[in-house]
Amino acid sequence: NWSRIVKEVDEDLPEIRPILESQPFFSRFAFVVYKGFNLIFRVFLRLEVEGLDEFRKMKRPFIICPNHQSFLDPFVVCSTYPFEFFSNTFHVGASEFFGNRFMNWVARMLQIVPVDPDTQLMKAMKAGAIGLKHGKILNIYPEGERAYDGELHEFKKGAAILATELDMPIVPVAIDGLHKVWARKSMRIRPGKVKVHFGEPFYAKNIVSKSSASPGGLINSSSGKIAGTATAVATSSQDDQYETVTVHLKQTIAAMIATMRS
């Protein structure tokens with residue numbers, strides 16, 4: 001029952017404590033470092049960013065959902081944030097990547113909560129919920145892993161669950177070009193053209209409501225059928241609603257990527 005797990009989460013979770021602590025000096029140091037990264041990205045990656053003006057008007061807390069093409073994704077995306085957002089953004093990352101001193105430092109720079117999302121899914125979801133309830137911004141990659149071909153792969157439902165149960169807005173973000181700069185299973189970083197587009201935020205409840213009022217109704221992921229409009233909200237399970245929000249998020253990012261490539 002994700003609704004109960006997310007809403008009634010026990011906040012005594014050691015992994016999230018460093019994220020909730022105030023670190024003004026380190027936050028400003030990291031912010032300066034990231035702005036240096038941003039300058040490098042704009043020169044060597046010819047970075048173009050769209051949608052920042054509207055993005056900066058957002059009020060915390062909320063969820064940011066980019067597609068995932070490279071290890072550089074969080075550095076590129078977070079380097080564009082204003083200080084208020086940067087200092088309050090956190091990630092939930094796979095602990096297997098942060099086993100040495102250098103990667104621990106990287107995790108601190110990115111404000112990563114290191115858990116294994118495959119074997120500790122509940123802990124990962126609880127960490128996300130706690131951070132959001134404390135007014136933080138959760139940066140989560142719905143694909144869960146880097147795409148090897150630059151195309152969108154299957155989206156997981158974690159962001160949709162948190163957005164639905166905590167009534168948080170989602171900001172879709174489209175990234176394109178980074179899969180060519182640092183390809184998966186490659187150790188080489190190449191110059192290239194990178195684009196980032198911050199999309200229009202949306203609430204899960206609005207997507208579910210709009211879907212239930214449409215001729216097709218809600219997606220019924222358990223049966224593969226379409227629920228009728230009159231009884232869609234009443235008969236669809238929570239999982240159907242999460243699936244509807246996840247599909248909308250993926251379609252939104254896909255449309256932004258298609259626009260950037262046209």
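Positions are given from 1, in the same order as the sequence printed here.
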Problem set entry | Note, Leu138 side chain near Ile64 side chain (heavy atom, < 4.5 Å) | no
Exercise. Does the side chain of Lys210 reach to within under 4.5 Å of the side chain of Lys205, using non-hydrogen atoms?
Worked result: no
For this session: Return yes when atom CZ of Phe83 has more than 12 non-hydrogen atoms of other residues, nucleotides or ligands closer than 6.0 Å, and no otherwise.
Result: yes
For this session: Examine distances only and state if a side-chain atom of Lys195 and a backbone atom of Asp176 form a donor-acceptor pair shorter than 3.5 Å.
Result: no
Problem set entry | Minimum-distance pair of heavy atoms, taken over all atoms of Cys65 and Ile170 | SG-CG2, 3.9 Å
Problem set entry | Joint hydrophobic cluster, Phe37 plus Leu39, side-chain heavy atoms closer than 4.5 Å | no
Exercise. Is it the case that more than 12 heavy atoms not belonging to Lys35 sit under 6.0 Å from its NZ atom?
Worked result: yes
Exercise. Is the count of non-hydrogen atoms from other residues, nucleotides or ligands lying under 6.0 Å from Arg28 atom CZ greater than 12?
Worked result: no
For this session: Heavy atoms only: give me the nearest Arg56-Thr80 pair and the separation to one decimal.
Result: NH2-O, 4.2 Å
For this session: Flag the pair Ile112 / Val92 as yes when at least one side-chain heavy-atom distance between them is below 4.5 Å, and no otherwise.
Result: no
Exercise. Do Leu162 and Met125 pass the side chain to side chain contact (heavy atoms under 4.5 Å, CB included) test, and can you show the C-alpha distance, the side-chain angles, and the key distance before you say yes or no?
Worked result: CA-CA 8 Å; Leu162 291 170; Met125 293 294 289; 3.9 Å; yes
Problem set entry | Leu132 versus Met168, closest heavy-atom pair with distance | O-CE, 3.9 Å
Problem set entry | Minimum heavy-atom distance Ala127-Ile16, with the two atoms named | O-CD1, 3.6 Å
Problem set entry | Gap separating the CD1 atom of Ile161 from the CG atom of Leu166, nearest 0.5 angstrom | 10.5 Å
Problem set entry | Glu84 with Arg60: basic N within carboxylate O range, under 4.0 Å | yes
Problem set entry | Within-4.5 Å side-chain heavy-atom neighbours: Arg190 and Val181 | no
Exercise. Between Tyr141 and His91, how do the two ring planes meet: parallel, tilted or perpendicular, split at 30° and 60°?
Worked result: parallel
Problem set entry | Step-by-step side chain to side chain contact (heavy atoms under 4.5 Å, CB included) determination, Leu249 to Phe202 | CA-CA 9 Å; Leu249 174 62; Phe202 64 87; 4.2 Å; yes
Exercise. Can you tell me if Ser209 and Asn206 form a side-chain donor-acceptor pair at under 3.5 Å?
Worked result: no
Exercise. Would the number of heavy atoms belonging to other residues, nucleotides or ligands and lying under 6.0 Å from CD of Glu200 be above 12?
Worked result: no
Exercise. For the atom pair OG (Ser87) and CZ (Phe26), what is the distance rounded to the nearest 0.5 Å?
Worked result: 12.5 Å
Exercise. Do Thr89 and Lys136 pass the side chain to side chain contact (heavy atoms under 4.5 Å, CB included) test, and can you show the C-alpha distance, the side-chain angles, and the key distance before you say yes or no?
Worked result: CA-CA 6 Å; Thr89 295; Lys136 300 292 184 178; over 6 Å; no
Exercise. Roughly how far apart are Asn1 CG and Lys7 NZ, rounded to 0.5 Å?
Worked result: 9.0 Å
Seminar exercise, completed: To the nearest 0.5 Å, atom CD of Glu154 lies from atom NZ of Lys250 at 7.0 Å
For this session: Give the C-alpha distance, both sets of side-chain angles, the deciding distance and a yes or no for side chain to side chain contact (heavy atoms under 4.5 Å, CB included) between Glu143 and Phe155.
Result: CA-CA 5 Å; Glu143 288 169 286; Phe155 274 33; 3.4 Å; yes
Exercise. Less than 4.5 Å apart, any side-chain heavy atom of Ile5 and any of Met122?
Worked result: yes
Seminar exercise, completed: Scanning both residues in full, the closest heavy-atom pair of Pro66 with Ile175 reads CB-CD1, 3.8 Å
For this session: Indicate, with yes or no, if the rings of Phe86 and Tyr81 have centres closer together than 6.0 Å.
Result: no
For this session: Would you check if the side chain of Asp73 reaches a backbone N or O of Ser70 as a donor-acceptor pair within less than 3.5 Å?
Result: yes
Exercise. Any Lys/Arg nitrogen of Glu243 or Lys157 sitting under 4.0 Å from an Asp/Glu carboxylate oxygen of the other?
Worked result: yes
Exercise. Can you tell me how far NE2 of His179 sits from NE2 of His68, rounded to the nearest 0.5 angstrom?
Worked result: 14.0 Å
For this session: Answer whether the closest heavy-atom distance between the side chains of Val247 and Ile207 falls below 4.5 Å.
Result: no
For this session: Establish whether Ile40 and Phe29 are linked, either directly or via other cluster members, by ILVMFWY side-chain heavy-atom contacts under 4.5 Å.
Result: no
Problem set entry | ILVMFWY cluster, Phe44 and Val49 together (side-chain gap under 4.5 Å) | no
Problem set entry | Shared hydrophobic cluster, Val32 / Val77 (ILVMFWY, side-chain heavy atoms < 4.5 Å) | no
Problem set entry | Least distance between heavy atoms, Met58 atom then Pro169 atom | CE-CG, 4.0 Å
Exercise. Does the side chain of Val194 reach to within under 4.5 Å of the side chain of Glu48, using non-hydrogen atoms?
Worked result: no
Exercise. Roughly how far apart are Lys180 NZ and Leu178 CG, rounded to 0.5 Å?
Worked result: 11.5 Å
Exercise. Taking the six-membered ring for Trp, are Phe75 and Phe41 ring centroids under 6.0 Å apart?
Worked result: no
Problem set entry | Any side-chain donor near an acceptor of the partner, Glu165 and Tyr242, under 3.5 Å | yes
For this session: Indicate, with yes or no, if the rings of Phe62 and Tyr203 have centres closer together than 6.0 Å.
Result: no
